[in-house]
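Remember, it's a predicted structure, so these values are computed and weren't measured experimentally. Indexing begins at 1, ligand by ligand and atom by atom, following the structure's order.
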Amino acid sequence: MKLTYFGHACFQVVANGKTILFDPFIQPNPIAAGKVKISDVQPDAILISHGHADHLADAVEIAKASDALVVANWEIIQWLESKGISNTHPMNHGGARSFPFGRVKMTNAIHSSSFFDGTYAGNPGGFIVETSDGSFYYSGDTALTMDMQLIGQAHNLRFAVLPVGDNFTMGPADALKAAEFVAVEDVVGVHFNTFPPIQIDCESAETLFANAGKKLHLLDIKQSVEF
Ligand code: NI
Ligand code: MN
């Protein structure tokens, strides 16, 4: 599996020959500006964790351009359909379903979820994705939760994608605990350094993980890592 980072919590994973894009937020991202073009992204599927603009801003444009299948909670799918997106599939917490690119289970997240105008966007979530090339977990924006232990017990994950920016989500120390709960050695850190409240000391975060025998990957924009 090859993961490529597009900044903030936007990344894609190519697995089993399919490209899965998560939480599209590229054009309004100050640190991705000029580095990533919408046309760089040609997903087969788009998975959206919750309704906040920093996870959804480019979803309509990319979905229209790619005709990718969009998977998200019921409320986000209703909203996307109202914007003319028709290749969609709604899910909710605890449910799993097999798609051409792999099997997705929607997980709980401790966060909030609303659209740009403040209207309700369903509950925030994350995803376990199982493919023939291996499985991984993207938590979405969340606090550390004991529920993550259930994920580690039930799934053999190759890596996890976890927020590390603190303030709105887990910081590095809680993300390390989450990595222990979901039983992974490799974590791709997201949701950091985009805005002043989520600035972190990358070197000390990487050291924290290394001292626990784990690897925190903090990627540059458009940098890739293979798992
Ligand atoms: Ni959020
Ligand atoms: Mn966010």
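- Ring pair Tyr5/Phe11: centre-to-centre distance not below 6.0 Å.
- Ion pairing between Lys35 and Asp220 fails under the 4.0 Å rule for side-chain N and carboxylate O.
- Minimum-distance N/O/S atom of His52 relative to the Ni ion (ligand 1): ND1.
- Here Asp141 meets the criterion, with an N, O or S atom under 2.8 Å of the Mn ion (ligand 2).
- The six-membered or imidazole ring of His111 lies away from that of His55, with a centre-to-centre distance of 6.0 Å or more.
- Residue His111: no N/O/S atom is found under 2.8 Å from the Mn ion (ligand 2).
- Ser132 and Asn16 share a side-chain donor-acceptor pair at under 3.5 Å.
- The Mn ion (ligand 2) has an N, O or S atom of His55 inside 2.8 Å of it.
- Restricting Asp54 to its N, O or S atoms, the one at the least distance from the Mn ion (ligand 2) is OD2.
- Two rings, from Phe25 and His52, have their centers 6.0 Å or more apart.
- His191 contributes NE2 as its N, O or S atom closest to the Mn ion (ligand 2).
- Metal site remark for the Ni ion (ligand 1): Asp141 contributes an N, O or S atom at a distance under 2.8 Å.
- When all heavy atoms are compared, the tightest approach of Ser135 to Met1 is N-CE, 3.8 Å.
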